[in-house]
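Below: the structure, in structure tokens.
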Amino acid sequence: MRSLLFVPGDSPKKLEKGMNSGADVLLIDLEDSVALDAREEARRITAAFLSEQSKDAERPRLFVRVNGLTTGLIDADLDGVMRSAPDGIVLPKTVGGADVAHLGAKLAVREAEFGLADGATRILAIGTENAAGVFALGTFAGASHRLMGLTWGGEDLSADLGAEANRGEDGAYTDPYRLARSLALLGAAAASVDAIDSVFTNFRDMAGLEAECRAARRDGFVAKMAIHPAQVPVINEAFTPSPEAVERAQAVIEAFKAHPGAGVVGVNGEMLDRPHLLRAERLLRRAGRL
């Protein structure tokens with residue numbers, strides 16, 4: 001998983017375009033990109049789309065972003081789409097592991113009701129869309145076996161903070177959002193789930209997107225969300241391990257295999273220890289999933 005593309009759930013045309021974008025995951029949206037009076041229609045369109053596409057073994061994974069737990073809309077969202085067996089649910093405005101556990105209970109009920117395998121529906125949590133969520137980023141470990149990833153967002157957070165902007169004149173995030181990003185990365189690592197970087201909202205600035213992808217990959221994120229199909233190829237390229245990186249990771253693993261019990265090994269003139277082994281194993285797991 002490298003790219004996760006948001007697609008409005010009320011637009012069959014955009015849903016079809018998303019299927020052909022090359023994204024690894026479609027995030028079908030019932031929240032921000034859908035007008036309040038169009039959400040019932042969006043549930044119907046999304047459910048029909050999920051039912052139709054589920055037959056294709058080569059399709060991207062299909063997740064649905066529902067409305068948050070405090071909106072009064074989430075139960076109608078889940079009732080509308082769960083019978084069509086989405087691969088996962090995206091929970092916005094998540095405040096820690098307790099919210100993930102709450103959603104997990106709702107999913108378990110609907111899986112039983114609609115004859116789906118228990119635990120089949122995964123959860124992707126957006127953990128920084130308000131200040132309370134930022135303070136709860138260390139609570140996801142053990143919250144639910146369904147949790148597969150943790151991501152962050154700076155747009156809703158800026159509204160919660162009453163900020164004028166979340167990026168400076170140089171285009172980089174300002175301090176509150178860099179902090180939220182870092183804590184989300186740490187929270188994902190503590191919970192042993194994938195860390196997924198937020199969207200890059202200027203969909204015409206491919207150079208800026210590429211630079212942000214490189215920085216995210218460097219820091220430990222394994223994927224990035226997109227808001228436009230044109231962003232998907234840039235994201236996929238950035239988060240696909242290169243042949244050189246795979247070859248080096250294999251060399252590190254082979255060196256440790258050749259010296260079982262060693263704390264340090266030499267690879268191409270460089271002394272490497274156990275953290276390098278863990279990084280190599282993680283990279284090969286990512287490459288294998290692709």
Side-chain angles (χ1 to χ4, degrees), residues 3-9 27-36 39 63 65-74 89-100 103 123-140 149-189 194-221 223-228 230-231 234-235 238:
S3 54
L4 301 90
L5 174 64
F6 278 110
V7 185
L27 305 177
I28 305 171
D29 193 20
L30 300 179
E31 195 208 18
D32 286 347
S33 66
V34 179
L36 189 60
R39 290 186 181 178
F63 280 45
R65 179 166 72 171
V66 295
N67 289 274
L69 287 167
T70 63
T71 63
L73 299 171
I74 187 171
I89 297 295
V90 182
L91 183 63
K93 299 175 179 62
T94 307
V95 181
D99 279 5
V100 169
L103 174 59
I123 295 174
L124 170 60
I126 308 178
T128 69
E129 292 188 307
N130 50 48
V134 173
F135 280 108
L137 285 168
T139 67
F140 286 99
L150 178 62
T151 187
W152 75 284
E155 307 310 311
D156 286 275
L157 180 58
S158 67
D160 193 52
L161 298 181
E164 294 179 357
N166 57 17
R167 293 180 184 262
E169 293 181 1
D170 61 353
Y173 280 111
T174 57
D175 286 347
Y177 310 96
R178 287 201 294 266
L179 175 63
R181 174 185 179 276
S182 297
L183 291 174
L185 177 61
L186 294 168
D194 286 344
I196 298 166
D197 198 24
S198 187
V199 298
F200 186 77
T201 57
N202 187 349
F203 62 85
R204 292 187 174 90
D205 181 6
M206 294 303 167
L209 171 63
E210 183 180 7
E212 196 161 281
C213 287
R214 287 198 308 268
R217 185 190 65 204
R218 173 201 67 204
D219 291 344
F221 289 95
K224 189 171 180 65
M225 298 186 295
I227 60 168
H228 192 281
Q231 296 180 317
V234 176
I235 294 172

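Predicted model only: the values in this text are computed from it and were never measured.
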**Request:** Return the set of residues passing ring-ring contact (aromatic ring centres under 6.0 Å, His included) with Phe135 (not counting sequence neighbours), or none when no residue passes.
**Result:** none
Rounded distance [0.5 Å steps], [atom1] in [X] versus [atom2] in [Y]:
{"X": "Leu5", "Y": "Met225", "atom1": "CG", "atom2": "CE", "value": "11.0 Å"}
{"X": "Ile227", "Y": "Ser33", "atom1": "CD1", "atom2": "OG", "value": "11.0 Å"}
{"X": "Thr128", "Y": "Lys93", "atom1": "OG1", "atom2": "NZ", "value": "10.5 Å"}
{"X": "His228", "Y": "Asn202", "atom1": "NE2", "atom2": "CG", "value": "11.5 Å"}
{"X": "Leu186", "Y": "Arg181", "atom1": "CG", "atom2": "CZ", "value": "10.5 Å"}

Check [X] against [Y] and note the closest heavy-atom contact, atom names and distance.
{"X": "Cys213", "Y": "Lys224", "answer": "SG-CD, 3.6 Å"}
{"X": "Gly9", "Y": "Val34", "answer": "N-CG2, 4.1 Å"}
{"X": "Ile74", "Y": "Gly68", "answer": "CB-O, 3.8 Å"}
{"X": "Phe221", "Y": "Asp197", "answer": "CD2-N, 3.4 Å"}
{"X": "Ala188", "Y": "Leu150", "answer": "N-CD2, 3.6 Å"}
{"X": "Leu157", "Y": "Ala180", "answer": "CD2-CB, 3.8 Å"}

**Prompt:** Is there a side chain to side chain contact (heavy atoms under 4.5 Å, CB included) between Glu31 and Val90 once you walk through the steps?
**Reply:** CA-CA 10 Å; Glu31 195 208 18; Val90 182; over 6 Å; no
Is there side-chain contact between [X] and [Y], with heavy atoms separated by less than 4.5 Å?
{"X": "Leu161", "Y": "Pro176", "answer": "yes"}
{"X": "Leu69", "Y": "Leu91", "answer": "yes"}
{"X": "Leu124", "Y": "Asp194", "answer": "no"}

**CA sep, side-chain torsions, deciding dist, call: Val66, Thr71, side chain to side chain contact (heavy atoms under 4.5 Å, CB included)** = CA-CA 10 Å; Val66 295; Thr71 63; over 6 Å; no
Taking the side chain from [X] and the backbone from [Y], do they hold a donor-acceptor pair closer than 3.5 Å?
{"X": "Thr139", "Y": "Gly97", "answer": "yes"}
{"X": "Asn67", "Y": "Leu30", "answer": "yes"}
{"X": "Ser198", "Y": "Trp152", "answer": "yes"}
{"X": "Gln231", "Y": "Phe200", "answer": "yes"}
{"X": "Asn166", "Y": "Gly154", "answer": "yes"}
{"X": "Arg65", "Y": "Pro92", "answer": "no"}
{"X": "Thr151", "Y": "Ile196", "answer": "yes"}

**Request:** Not counting sequence neighbours, which residues clear salt bridge (Lys or Arg N to Asp or Glu O under 4.0 Å) with Asp175? List them please.
**Result:** Arg178
**Candidate list Val95, Asp156, Thr94, test side chain to side chain contact (heavy atoms under 4.5 Å, CB included), partner Asn130, passing option** = Val95
**Request:** Begin from the C-alpha positions of Asp32 and Glu155 and carry the test side chain to side chain contact (heavy atoms under 4.5 Å, CB included) through to its verdict.
**Result:** CA-CA 11 Å; Asp32 286 347; Glu155 307 310 311; over 6 Å; no
**Asked** Should Tyr173 and Glu212 be marked as a side chain to side chain contact (heavy atoms under 4.5 Å, CB included) after you check the CA-CA gap, both sets of side-chain angles, and the distance that decides it?
**Response** CA-CA 10 Å; Tyr173 280 111; Glu212 196 161 281; 4.1 Å; yes
